[in-house]
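Both backbone and side-chain heavy atoms feed into the values below; hydrogens, waters and symmetry mates do not. Here the structure is a predicted model, which means the values were calculated and not measured.
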Amino acid sequence: MTSLEAARELLSEFPVVDGHNDLPWALRAQVRYDLDARDIATDQSAHLHTDIPRLRAGGVGAQYWSVYVRTDSPDPVAATLEQIDCVRQLLARHPGDLRPALTAADMEAARGEGRIASLMGAEGGHSIANSLGTLRGLYGLGVRYMTLTHNDNVDWADSATDEPKAGGLTAFGREVVREMNRLGMLVDLSHVAATTMRDALDASSAPVIFSHSSARAVCDHPRNVPDDVLERLPANGGMAMVTFVPKFVLQAAVDWTAAADENMRAHGFHPLDTTAEAMKVHRAFEERRPRPVATAATVADHLDHMREAAGIDHVGIGGDYDGTAFTPDGLADVSGYPNLLAELLDRGWSKADLAKLTWKNAVRVLDAAQDVARALQATRPPSNATIESLDG
């Protein structure tokens with residue numbers, strides 16, 4: 001049996017839980033949620049990284065759908081609700097393939113049924129508009145993690161890619177973490193500054209996640225996780241889910257991306273814009289200056305390091321498909337996960353290791369966070385603190 005065949009066999013039993021996929025945003029940006037125009041029951045490879053046939057080919061058993069909205073959205077709460085509605089529409093259209101999931105038990109039930117457990121994660125604290133009531137509202141609508149920031153600071157937390165302002169988390173930011181713990185909503189530390197990571201680990205009584213981040217020791221980008229933070233995950237119980245974004249996993253791609261982003265701005269596009277017009281600008285730049293190419297082996301280098309720093313019980317996968325313009329060779333879309341597992345098998349990862357990487361760790365972390373929530377809810381009422389009362 002080849003390594004690729006062994007990888008596919010393992011995924012049939014322990015499929016991938018992917019921590020982050022931006023399909024809802026791609027559907028918003030490309031067709032304004034016209035799901036007939038992007039019917040994911042059929043091959044959408046001309047437009048998207050994600051559709052149901054390729055999720056099946058990739059061995060995906062659970063997906064956290066990102067309900068991301070841009071930080072400059074004039075009404076981020078309303079836009080987040082529209083993203084949640086998009087996920088709900090997808091679930092209603094494809095009940096034979098996608099199963100709504102709110103708990104670890106739901107994830108296991110979906111696996112038993114041969115359906116893809118579908119969870120939601122809000123990408124950025126701007127989605128709650130400094131309101132703990134809004135946070136609870138998102139949880140009530142099914143959101144099971146929130147990334148504390150996106151690319152820009154929020155009033156109560158510093159982002160990895162903005163100028164430091166809070167020095168990590170403010171008092172209100174720590175209260176957001178505590179309220180997330182009480183709800184059972186996972187605290188996601190992708191995108192946040194290292195100071196915010198450390199403050200959140202100090203404040204959290206539940207396991208945290210990095211839904212789509214890689215190792216800073218392997219690729220020195222602020223979006224990645226420093227070793228001292230990875231080393232704290234065993235005591236916390238959380239996990240870091242490696243991302244596939246070339247500019248976060250390949251050092252040579254960091255400089256190239258900075259130049260490409262500047263080119264996008266010069267042409268009037270946001271660097272994260274993946275519309276057809278924006279991609280024409282990207283491709284023209286790439287023709288002039290070929291981009292460095294990451295591979296499945298590049299991603300495996302990060303996983304090797306993350307396993308060494310945090311331990312096999314604290315690693316996972318968060319590809320960031322449909323949220324990035326470029327993907328590694330061998331990991332072009334959601335059908336590529338077997339290639340990564342084959343690479344890891346060739347490096348000596350055991351099947352037991354891979355079962356933790358793909359399925360078991362993510363299920364355990366959500367289950368543990370929900371156990372913490374049950375205990376906290378027995379002793380602590382909902383917080384009605386405001387940013388004004390705590391931060392002045």
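Within the 4.5 Å cutoff, side-chain heavy atoms of E286 are placed close to those of F326. Annotation: side chain of V154 is not in contact with side chain of I128 (no heavy-atom distance under 4.5 Å). Using a 4.5 Å heavy-atom cutoff, the side chains of S211 and Y145 are in contact. Looking only at side-chain heavy atoms (C-beta outward), R136 and R182 come within less than 4.5 Å of each other. Using a 4.5 Å heavy-atom threshold, the side chains of I40 and T50 count as separate. A 4.5 Å side-chain heavy-atom check between L119 and M107 finds at least one atom pair inside the cut-off. I116 is listed as a side-chain neighbour of R56, based on a closest heavy-atom distance under 4.5 Å. Looking at P338 and L4, their side chains come closer than 4.5 Å, going by heavy atoms from C-beta outward.
Side-chain atoms of R265 do not come within 3.5 Å of backbone N or O of H270 as any donor-acceptor pair. With hydrogens and angles ignored, the 3.5 Å screen pairs no side-chain donor or acceptor of S204 with any backbone N or O of L201. Checking side-chain atoms of Q44 against main-chain N and O of D39 turns up a donor-acceptor pair under 3.5 Å. A distance-only check finds no donor-acceptor pair linking the side chain of R307 to the backbone of W349 [under 3.5 Å]. Proximity of a side-chain donor or acceptor of R115 to a complementary backbone N or O of P95 within less than 3.5 Å is detected. Judged by distance alone, with hydrogens and angles left aside, the side-chain atoms of D322 form a donor-acceptor pair with the main-chain N or O of H49 at under 3.5 Å. In this structure, the side chain of N153 engages the main chain of E163 through a donor-acceptor pair within 3.5 Å. A side-chain donor-acceptor contact under 3.5 Å links H126 to the backbone of V69. Using modelled atom types, one side-chain atom of R111 and one backbone atom of E13 make a donor-acceptor pair closer than 3.5 Å. Looking only at distances, a side-chain donor or acceptor of Q370 sits under 3.5 Å from a matching main-chain atom of L102.
Only one option out of R232, R216, H305 pairs with D227 in a side chain to side chain donor-acceptor pair (under 3.5 Å); it is H305.
Taken to the nearest 0.5 Å, the CZ atom of F14 stands 4.0 Å off from the NZ atom of K360. Taken from CZ in F244 to OG1 in T295, the straight-line distance is 11.5 Å, to the nearest 0.5 Å. Note that the CG atom of L303 and the OG atom of S214 stand 7.5 Å from one another [nearest 0.5 Å].
Under a hydrophobic clustering in which Ile, Leu, Val, Met, Phe, Trp and Tyr are joined whenever their side-chain heavy atoms come within less than 4.5 Å, directly or via other members, V218 and L250 fall into different clusters. Under the 4.5 Å side-chain heavy-atom criterion for ILVMFWY residues, no single connected hydrophobic cluster contains both W65 and L272. Both Y139 and L91 belong to a single network of hydrophobic side chains, linked directly or stepwise wherever heavy atoms of I, L, V, M, F, W or Y lie under 4.5 Å apart.
The number of heavy atoms from other shown groups lying within 6.0 Å of CD (E108) is above 12.
Under the 4.0 Å criterion applied to side-chain N and carboxylate O atoms, D353 and K356 are not assigned as salt-bridge partners. One finds a salt bridge joining R93 and D36 here, because a Lys/Arg side-chain nitrogen approaches an Asp/Glu carboxylate oxygen to under 4.0 Å. Taking the charged nitrogens against the carboxylate oxygens, R8 and E5 have no contact shorter than 4.0 Å, which rules out a salt bridge.
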(message) Checking Y33 against D85 for the side chain to side chain donor-acceptor pair (under 3.5 Å) test, could you report, in this order, the C-alpha distance in whole Å, the side-chain angles of both residues, the deciding distance, and whether it holds?
(response) CA-CA 10 Å; Y33 306 129; D85 182 67; over 6 Å; no

(message) Quick one, W156 with D391, criterion side chain to side chain donor-acceptor pair (under 3.5 Å). Give me CA distance, side-chain angles, the key distance, then yes/no.
(response) CA-CA 8 Å; W156 42 270; D391 290 350; over 6 Å; no

(request) Decide side chain to side chain donor-acceptor pair (under 3.5 Å) for D320 and T243; before the verdict, give the C-alpha distance in whole Å, the side-chain angles of both, and the deciding distance to 0.1 Å. (result) CA-CA 6 Å; D320 202 13; T243 193; 4.6 Å; no

(message) Could you walk me through whether S66 and D22 satisfy the side chain to side chain donor-acceptor pair (under 3.5 Å) test, starting with their C-alpha distance in whole Å, then the side-chain angles of each, then the deciding distance to 0.1 Å, before giving a yes or no?
(response) CA-CA 5 Å; S66 175; D22 276 301; 3.2 Å; yes

(message) Go through it in stages, so that I can follow the logic: the residues are E343 and R347, the test is salt bridge (charged side-chain N to carboxylate O under 4.0 Å, His left out), and I'd like the CA-CA distance, side-chain angles, deciding distance and then a yes or no.
(response) CA-CA 6 Å; E343 174 69 25; R347 294 180 180 215; 2.8 Å; yes

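When only modelled atom types and interatomic distance are considered, E179 and S383 share no side-chain donor-acceptor pair under 3.5 Å.
Among residues two or more places apart in sequence or in another chain, the side-chain hydrogen bond (donor to acceptor under 3.5 Å, both in side chains) test is passed with R174 by none.
Listed by first then second residue, pairs satisfying ring pair (Phe, Tyr, Trp, His ring centres under 6.0 Å) with a partner in residues 173-222 read H20-H212, H150-H191, H191-H212, H221-F248, not counting sequence neighbours.
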